[in-house]
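Notes for the one structure printed next.
Chain letters run A, B, ... following the sequence lines, proteins first and then strands; every chain starts at 1. Note that the structure is predicted; figures quoted are calculated from it, not measured.
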Number of protein chains: 2
Amino acid sequence: MTSPEPEMTPEPDSKGRLRLWLKLLKVTRSVEADLRESLRTEFASTLPRFDVMSALSRHAEGLKMSELSGLLKVSNGNVTGIVERLVDDGIALREAVPGDRRASRVRLTRKGAEEFARQASEHEHWVNELLGALEADEANAMIEQLDRIIREEAQ
Amino acid sequence: MTSPEPEMTPEPDSKGRLRLWLKLLKVTRSVEADLRESLRTEFASTLPRFDVMSALSRHAEGLKMSELSGLLKVSNGNVTGIVERLVDDGIALREAVPGDRRASRVRLTRKGAEEFARQASEHEHWVNELLGALEADEANAMIEQLDRIIREEAQ
DNA sequence: GGCAGTTATTTCAAGCATAAACCTTTAAGC
DNA sequence: GCTTAAAGGTTTATGCTTGAAATAACTGCC
């Protein structure tokens, strides 16, 4: 009474994984859109700026441009523009790296650190509400599965 | 011996949900980067183009610009540019909507439909490999949880 | 010391994305 | 008919993003 096995099924779960990917995309974009909107209306800022500030806030000693783009997994030229605007706004500053005149180190100004603290606190609330449908154990389980995807990708 | 309830813990799982969000972002961006790279090298195309073609392929009768931007959840003006380039490349075309001279209907050309079929097939393989760390039941479970997030968001 | 190769970063062109302003057409009241 | 409001789209200004090319500085080798 079991259904007959089809002869040729090279990737049995293919459709399910595709569906998962589309759903992942949908959720991520939706949450991102909400966060962007909140950052815009509450802080007149953007997600890329927040991401850069977040990375800088975890490295008080500063980061080189290439370290920054490596952490955020974005292109090198991309960071140039974002940091430029942050510097113009007094949020970040560039320091010379002694012994290497090519490089510069970027870090948050006092004002930038204070501003980020405010934004990060709100950001955490927003995320907590947006993902409120999941309980702590569900969230942790999902984190583990996502970690497996990341590890596999890195080979 | 039970631990006393803290007076003020408005959002106990806040940190876990924040971690989950950062992980979701990481996975999504990583997969997106791989897919973008593949689309670029194999088909000289981009993700936004693929998304538009995908939507159009599911609506052979064509879509109005506003329907398209609604489906993809992107801004109206955004779609204008992408469709413009697809039309220039002979992938899509615009038709007048009888009885409404404001609107136009976009659909894939024959060439566009064939091209999308090729790309979609490869795309499914890529996704299947990128998410290969998850089994079918895990994928399905995650889809359900993600659906809960989406539903909650819509209120 | 010179110079080949590497590393750090910026610049550039093209495309993507948003929000806001705008234009045209349609629909609704009166 | 005329006015007004809404709907469908495009345009514009600004910013994000990439990949490639350019620039500059450093490193090592002979």
Side-chain angles (χ1 to χ4, degrees), chain A residues 25 28-30 32-53 55 62-89 91-92 94-106, chain B residues 25 28-30 32-53 55 62-89 91-92 94-106:
Chain A
L25 217 45
T28 307
R29 285 184 180 169
S30 168
E32 263 188 319
D34 281 342
L35 293 176
R36 176 174 40 242
E37 168 74 4
S38 296
L39 277 175
R40 190 176 64 86
T41 58
E42 312 257 322
F43 298 112
S45 190
T46 67
L47 269 178
R49 288 169 65 104
F50 182 82
D51 288 345
V52 168
M53 290 168 73
L63 287 169
K64 290 196 293 184
M65 296 297 278
S66 47
E67 293 172 334
L68 202 42
S69 63
L71 279 173
L72 301 178
K73 302 237 180 82
V74 297
S75 68
N76 228 321
N78 185 358
V79 173
T80 297
I82 300 173
V83 167
E84 197 173 286
R85 284 181 284 273
L86 288 178
V87 169
D88 287 349
D89 294 348
I91 300 290
R94 313 170 96 116
E95 296 173 321
V97 172
D100 190 343
R101 280 180 302 175
R102 295 169 306 180
S104 62
R105 202 168 280 287
V106 189
Chain B
L25 217 46
T28 306
R29 284 183 179 171
S30 168
E32 261 189 320
D34 281 341
L35 294 177
R36 176 173 42 240
E37 168 74 5
S38 296
L39 277 176
R40 190 176 65 86
T41 58
E42 312 256 323
F43 297 112
S45 190
T46 67
L47 271 178
R49 288 169 64 103
F50 182 82
D51 289 344
V52 168
M53 289 168 73
L63 287 169
K64 291 195 291 186
M65 296 298 277
S66 47
E67 293 172 333
L68 201 42
S69 63
L71 279 174
L72 301 177
K73 301 237 179 84
V74 298
S75 66
N76 226 321
N78 184 0
V79 172
T80 298
I82 299 173
V83 167
E84 195 173 288
R85 283 181 286 274
L86 288 179
V87 169
D88 288 348
D89 294 349
I91 300 291
R94 313 170 98 116
E95 296 173 320
V97 171
D100 189 343
R101 278 181 303 176
R102 296 169 304 180
S104 62
R105 202 168 280 286
V106 189

Tell me the interatomic distance from [X], atom [atom1], to [N], atom [atom2], rounded to whole angstroms.
X       : N      : atom1 : atom2 : result
B:Leu68 : D:dT10 : CG    : P     : 11 Å
A:Met65 : C:dT11 : CE    : C1'   : 12 Å
B:Leu86 : C:dG15 : CG    : C1'   : 12 Å
A:Glu84 : C:dC12 : CD    : C1'   : 13 Å
B:Asp88 : C:dG15 : CG    : C1'   : 13 Å
B:Asn76 : C:dC22 : CG    : P     : 17 Å
B:Lys64 : D:dA6  : NZ    : C1'   : 13 Å

Should B:Arg105 and B:Met65 be marked as a side chain to side chain contact (heavy atoms under 4.5 Å, CB included) after you check the CA-CA gap, both sets of side-chain angles, and the distance that decides it? CA-CA 7 Å; B:Arg105 202 168 280 286; B:Met65 296 298 277; over 6 Å; no
Less than 4.0 angstrom between a side-chain N/O of B:Arg101 and OP1 or OP2 of C:dT26, yes or no? yes
Can you tell me if the side-chain N/O atoms of B:Thr80 get under 4.0 Å from OP1 or OP2 in D:dT10?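 Yes, B:Thr80 has a side-chain N/O under 4.0 Å of OP1/OP2 on D:dT10.
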Contacts of type salt bridge (charged side-chain N to carboxylate O under 4.0 Å, His left out), residue [X], not counting sequence neighbours:
X        : value
B:Arg101 : none
A:Arg49  : A:Asp89
A:Glu32  : B:Arg29

NA contact type, [X], heavy-atom cut-off 4.0 Å: base, sugar-phosphate, or nothing?
X        : value
A:Arg94  : sugar-phosphate
B:Ser66  : sugar-phosphate
A:Asp100 : sugar-phosphate

Upstream residue (5' side of DNA chain D) when A:Ser75 and B:Leu63 are each assigned their closest nucleotide: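 The residue closer to the strand's 5' end, by nearest nucleotide, is B:Leu63.
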Report the residues that fulfil side chain to side chain donor-acceptor pair (under 3.5 Å) with [X], sequence neighbours left out, ordered by chain and then residue number.
X       : answer
A:Ser69 : none
B:Arg94 : none
B:Glu95 : B:Arg107
B:Thr28 : A:Thr28

Are any non-hydrogen side-chain atoms of A:Leu68 and A:Leu63 less than 4.5 angstrom apart?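 In contact.
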Using a 4.5 Å cut-off on heavy atoms from C-beta on, say whether the side chain of A:Leu72 contacts that of A:Val52.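 With C-beta onward as the side chain, the pair touches.
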Would you mind writing out the side-chain donor-acceptor pairs for residues 34-43 of chain A within the sub-3.5 Å range, not counting sequence neighbours?
from	atom 1	to	atom 2	distance (Å)
A:Glu37	OE1	A:Arg40	NH2	3.1
A:Ser38	OG	A:Asp34	O	3.1
A:Thr41	OG1	A:Glu37	O	3.1
A:Thr41	OG1	A:Ser38	O	3.4

Distances under 3.5 Å between nitrogen or oxygen atoms of protein and nucleotides 13-16 of chain D:
from	atom 1	to	atom 2	distance (Å)
D:dC16	OP1	A:Thr46	OG1	3.1
D:dC16	OP2	A:Arg85	NE	2.4
D:dC16	OP2	A:Arg85	NH2	2.0

Enumerate the residues from residues 33-41 of chain A whose closest heavy atom to DNA chain D is under 4.0 Å, giving them by residue number; use none for an empty result. none
Might you list the N or O atoms of the protein lying below 3.5 Å from N or O atoms in nucleotides 3-7 of chain C, with each pair's distance?
from	atom 1	to	atom 2	distance (Å)
C:dT7	O2	A:Arg102	NH1	2.4

Strictly by side chain to side chain donor-acceptor pair (under 3.5 Å), give each pair with a member in residues 76-88 of chain A just once, sequence neighbours left out.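 Applying side chain to side chain donor-acceptor pair (under 3.5 Å) to every pair that reaches into residues 76-88 of chain A, excluding sequence neighbours, yields nothing.
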